[in-house]
Number of protein chains: 2
Amino acid sequence: MQKTIDLSSCSVFEKLQELAVKPYDLTEEKSLERNGRLERYACRSKLLQLFFAAQRVSDEVLDCLQQVADELKLVEQFRKMRRGAVLNRIEGYESENRQVLHTGCRDMFAESPVEPEITRLARLELEKLKIFLQELEGGQLCNSEGKPFDTLVQVGIGGSDLGPRSVVEALKQYCRPGRTVRFISNVDPDDCARVLAEISLDTTLVNIVSKSGTTLETLANDQLVRSVMEKAGVDPARHCIAVTGKGSPMDNPKRYLRSFYMFDSIGGRFSTTSMVGLVALGFALGIARVMEFLQGAAAVDYGAEEEDIFKNIPLMMALLGVWNRNFLGYNSLAVLPYSQALHRFSAHLQQCDMESNGKSVSRYGEPVTCRTGPLVWGEPGTNGQHAFYQLLHQGTEVVPIEFLGFAKSQSGLDRRIDGTTSQEKLLANLFAQMVAFATGCDSENPNRKFAGNRPSSLLFADRLTPETMGAILATYEAKIVFQGFIWNINSFDQEGVQLGKILASRFLRAMKGDELEHGSIEVKLLDLVNTRAL
Amino acid sequence: MQKTIDLSSCSVFEKLQELAVKPYDLTEEKSLERNGRLERYACRSKLLQLFFAAQRVSDEVLDCLQQVADELKLVEQFRKMRRGAVLNRIEGYESENRQVLHTGCRDMFAESPVEPEITRLARLELEKLKIFLQELEGGQLCNSEGKPFDTLVQVGIGGSDLGPRSVVEALKQYCRPGRTVRFISNVDPDDCARVLAEISLDTTLVNIVSKSGTTLETLANDQLVRSVMEKAGVDPARHCIAVTGKGSPMDNPKRYLRSFYMFDSIGGRFSTTSMVGLVALGFALGIARVMEFLQGAAAVDYGAEEEDIFKNIPLMMALLGVWNRNFLGYNSLAVLPYSQALHRFSAHLQQCDMESNGKSVSRYGEPVTCRTGPLVWGEPGTNGQHAFYQLLHQGTEVVPIEFLGFAKSQSGLDRRIDGTTSQEKLLANLFAQMVAFATGCDSENPNRKFAGNRPSSLLFADRLTPETMGAILATYEAKIVFQGFIWNINSFDQEGVQLGKILASRFLRAMKGDELEHGSIEVKLLDLVNTRAL
């Protein structure tokens, strides 16, 4: 593949810098609605709409951003990724050297998948899942007393936790009656203790998820759960299943009732639509809903191959993010879903975005020339309005915002009070915040002034269904990938987690009393806290 | 009170700026341990210890920070706050004009409280709570069939939600058998629907919390819960209690079985140790644990009156935060508890800190001269290690960190694997991260380089008990207050939430079809999303 370049090499880079000196002023009269801005600054797809009139962009900026997309061949790179290019690498240095094929897990709805081999493998796993769910349903799989399993506890961390957890939480409304999914992630034994205290082990399946089969936290919790089971007279071999790499230490039918496979070409944080997410989701929702979820994601992957940024929601989001990050200079991004069901989705994105794009070297091992991934954080609205929005409105930092909203609630429970329903109140607050952040407000009381010009977008859908959830998830995955391409970094490795692992093993040796090197930082630090505490 | 000044007026301000040009280099050989730094850079109290060797400070910087504390009379201001000074005000402009007396709710363990009136009022409420809990226990308070209440649902938002929720979650291990506490906060009707789907209304007490008695979200959820109760044949008058201001619209014995009072001098985000938090906590833990929780907080309040920054943990944390924010220029703070029980504590701090110190005008209505409150965010370790730590280690942003850790787990459940327990693995990871962020690591592979010099502190305790939780909560409250004093802002109002409320009411009017102003932004925006969605 021809050597890729980064943002700073684009012909419009300096022009964008100039335009950023005096960006579109959202505080001017009718700033949001004049010249049909509200309607024009929108991207629409079957399931999702993106409204970005409240970003500090002009037609000229958007022309330049299209130019960035074209010159950096963002869509071409995305197409190559989906078709199996080895993009998880640092050229000239030892690196993972892998394909990036998470999109292949859901490419099951077109006439033929763009990368047939990964989709063939994914289909095999999906078939295994279907049979597994049928056996649970039909009673062939049950506990030793013949009782059905009503609870699934997923044990995993990072990519094996946050994505699946946020999606299962988001879709709880669609959960089959009597089925519950819980998660254990932290090596903190209190995490395990708390979950086990709230379930009945004898009707619980435990799904251990680790690609390598060697993740410290997950193996510790696997054993901790098994020891509790054994004490309770429950046979772990009848209750534990695994999602892991083929041939990993966890791919062991003696220890696990079933093994579902994950593949090297799918990174943890992009694995929600693989068995990492689908086993738990299938248990909760049934296979039909799982397919809807995959279909929503697949539609977005195909849509992300559109060259026109006005027809490509994730690409537009990526470029708007880069405008805020690299030209307006903002270093964080708040993702604020106006949907309580998405209460863990920002935490998943925090991982997916920050682990992918929190990098300082290019795909060629050179120092990056632009700032890369922002801090990503957020909590649902309207809750956040009563918490941190004060700083967003009147603090000394500007934080760009991505709002998420839905026309309808999931549950349908509602009540009209003072003429409007709760769902309408939720939406009224969402729209009001978008306007308030943009336009600000003057006052004679300096403490009641709002500077405005705090940019936001709104990703909007009809209702948070399995299909919509798949679409939103894939939209963010694609956005993150596009931004990595723009910064010319490898978004698919995570070397930054290695140093901590190495140092932790030294502390563990010091704790065991091995190789106690007198005066080492490990011993000194342990002594320090020991003196009063341990 | 004499006119207070801010950080930029301190005699050492320029000296600190000079020292910040070349701050202490944590990547040098033995940077953490030489000259007894590890032991010297620590503050110790009965319950908590603060270790800050991994901050980029030197003896000279610390001398200057002591000077800042002295010149700005931080402790004197704190003393005055506790004794009833009207600190919630903007001089010369309309403002709330209130005392700031959250510390008075827990000043019950000294011979005489420093502000007797607020403590007298708090004691009255605590007495009411004791009786209430006794009546629940003794069966005088029960449902219409004589069954005891086993669940309490707290309905509140912002300060009436995040603090209580994070503390109840943190102390679940101490929960009385058979008792459950749940929370409904969001106006999103799916929040209410989901909680109600998971409880038995007939044995549930609903605690509605709103100081003004007019909070939109809380009133909507109050009515939504009541309508579901009525449909289920449950009499709301027997199941609903309130925490509200005396004389508020919610102070109504016809609608609420009991009313507990909150006071004007206690802001929502500082109200966890008032009835806002204690009713739920008392229901879950019983009154004895509540008193331990208060005692932990009270001890910190007294300790915060110590002038020596080495003997005053919240003051030291405040000053280290200001060093990172205003001299090293970092705009965010990650709070990373190595304890799964604290999984919502960072969300509470996000509110408490960002709503308090996300301000742009001084206590005199002038523009601030320094950057104020940082973005506060975080998730528990070790989970975060597998999520966003990549960016913290190798991204282009530096994020200062406050770690929280505990020598012992809460539950005691554990298992030795490969020679160490899960709790030891948790601590090994915590210490390893502290060292890794500080020292970094070189490599011939540019993608495996860690720049280091990423500063952190560690707040450490023996075990997360009710008393320790009270101490940690009060430590952060005091830290936030001290930082507000340093920036010379009013940390106790939240004018920034008002604009959104006003604009939301316009959208609500547009939704009802009232006063439809053709071409208004409200109508246009609603039309825009209506076209496809609503």
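Scope of the values below: all heavy atoms of this structure, side chains included, with no hydrogens, waters or symmetry mates. Chain naming here is simple, since letters A, B, ... match the order of the sequence lines and numbering starts at 1 in each.
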Counting only non-hydrogen atoms closer than 4.5 Å, does Q433(A) touch chain B with its backbone (N, CA, C, O), its side chain (CB onward), both, or neither? side chain
Do L219(A) and I417(B) make a side-chain contact, defined as non-hydrogen atoms from C-beta onward lying under 4.5 Å apart? no
For the candidates S443(A), G412(A), A436(A), A451(A), which exhibits the highest count of non-hydrogen atom pairs separated by less than 4.5 Å from chain B? A436(A)
Output for pair (M434(B) CE, F507(A) CZ), nearest 0.5 Å, gives 7.5 Å
Specify which of N445(B), T439(B), N429(B) makes the most heavy-atom pairs with chain A at under 4.5 Å. N445(B)
Whatever's closer than 4.5 Å to a heavy atom in chain A on L38(B) counts as both
Region of E198(B) in contact with chain A, defined by heavy-atom distances below 4.5 Å: side chain
Is E424(B) in contact with chain A via its backbone, its side chain, both, or neither, using a 4.5 Å heavy-atom distance? both
Could you tell me whether the side chain of L528(B) reaches within less than 4.5 Å of the side chain of F51(A), counting heavy atoms only? yes
With chain B, which of D161(A), T372(A), V497(A) has the greatest number of heavy-atom pairs at distances under 4.5 Å? T372(A)
Side-chain donor/acceptor of K449(A) to backbone N/O of S360(B), under 3.5 Å: no
With heavy-atom distances below 4.5 Å as the criterion, would you say the side chains of N186(B) and P380(A) are in contact? yes
Can you tell me which portion of T215(A) sits under 4.5 Å from chain B's heavy atoms? Options are side chain, backbone, both or neither. side chain
Given a strict heavy-atom distance threshold of 4.5 Å, which part of R269(B) is in contact with chain A: side chain, backbone, both, or neither? neither
Option that, when pairs with chain A are counted at under 4.5 Å, heavy atom only, ranks first among S411(B), C352(B), G158(B): S411(B)
Just how far is it from atom OG of S185(B) to atom CD of E379(A), taken to the nearest 0.5 Å? 9.5 Å
One pair to check against side-chain contact (heavy atoms from CB on, under 4.5 Å): F431(A) and V529(B). What are the steps and the verdict? CA-CA 10 Å; F431(A) 299 142; V529(B) 297; 3.8 Å; yes
What part of S356(B) is in contact with chain A, defined as an atom under 4.5 angstrom from a non-hydrogen atom: side chain, backbone, both or neither? neither
Do F388(A) and D353(B) touch side chain to side chain, with heavy atoms closer than 4.5 Å? no
Could you check whether any side-chain heavy atom of L464(B) comes within less than 4.5 Å of a side-chain heavy atom of D190(A), counting everything from C-beta outward? no
Using non-hydrogen atoms and a 4.5 Å limit, figure out which bit of L216(B) sits close to chain A: side chain, backbone, both or neither. side chain
Give a yes or no answer on whether the side chain of Q351(A) reaches the backbone of H386(B) with a donor-acceptor pair at less than 3.5 Å. yes
Given Q173(A), K172(A), K501(A), R506(A), the one with more heavy-atom pairs under 4.5 angstrom with chain B than any other is K172(A)
Heavy-atom distances under 4.5 Å only: say whether H393(B) touches chain A with side chain, backbone, both or neither. side chain
E444(B) versus chain A, the contacting section by heavy-atom distance below 4.5 Å: backbone
Using a 4.5 angstrom heavy-atom cutoff, name the option from A53(B), G500(B), P446(B) with the most pairs to chain A. P446(B)
What heavy-atom pair brings R194(B) and A341(A) nearest, and what distance separates the two atoms? NH2-CB, 3.6 Å
Need one label for L508(B): side chain, backbone, both or neither, based on atoms under 4.5 Å from any heavy atom in chain A. both
Starting at CZ of R371(B), measure out to CD of E397(A) and round the result to the nearest 0.5 Å. 4.5 Å
Among G419(B), A197(B), A504(B), the residue with the most heavy-atom pairs under 4.5 Å to chain A is A504(B)
Checked H343(A), K524(A), E366(A), H348(A) vs chain B; the most non-hydrogen pairs under 4.5 Å come from K524(A)
In Å and rounded to the nearest 0.5 Å, what is the CG to CD distance from N447(B) to Q494(A)? 10.0 Å
Cut-off 3.5 Å, side chains only: do Q340(B) and D188(A) have a donor facing an acceptor? no
Under 4.5 Å from any heavy atom of chain B, what part of E94(A) do you find: side chain, backbone, both or neither? both
Quick one: what part of I90(A) sits under 4.5 Å from any heavy atom of chain B, side chain, backbone, both or neither? side chain
For Q394(A) and K359(B), indicate whether the former's side chain and the latter's backbone hold a donor-acceptor pair under 3.5 Å. no
Using side-chain contact (heavy atoms from CB on, under 4.5 Å), reason through M511(A) and K425(B) one step at a time and then give a plain yes or no. CA-CA 9 Å; M511(A) 284 167 168; K425(B) 290 181 181 74; over 6 Å; no
If you count heavy-atom pairs within less than 4.5 Å of chain A, which of N357(B), N331(B), N221(B), T420(B) leads? N331(B)
Nearest-0.5 Å distance that lies between atom CG in D414(B) and atom CG in L224(A): 6.5 Å
So, the part of E217(A) with a heavy atom under 4.5 Å from chain B: the answer is side chain
Any ion pair linking E495(A) and R448(B) (charged N to carboxylate O, less than 4.0 Å)? yes
L499(B) versus chain A, heavy atoms under 4.5 Å apart: side chain, backbone, both or neither? both
Heavy-atom pairs under 4.5 Å with chain B - which of S332(A), S339(A), G159(A), A334(A) has more of them than the others? S339(A)
From E355(A) CD over to Q385(B) CD, what is the distance, rounded to the nearest 0.5 angstrom? 11.0 Å
Name the region of P367(B), side chain, backbone, both or neither, that has any atom closer than 4.5 Å to a heavy atom of chain A. neither
Heavy-atom pairs under 4.5 Å with chain A: which of L525(B), N383(B), V361(B), L196(B) has the most? N383(B)
Honestly, the part of L430(A) sitting under 4.5 Å from a heavy atom of chain B is neither
Atom group of F450(B) that falls short of 4.5 Å from chain A, counting heavy atoms: side chain
Interchain contact, Q223(B) with chain A, by part (heavy-atom threshold 4.5 Å): both
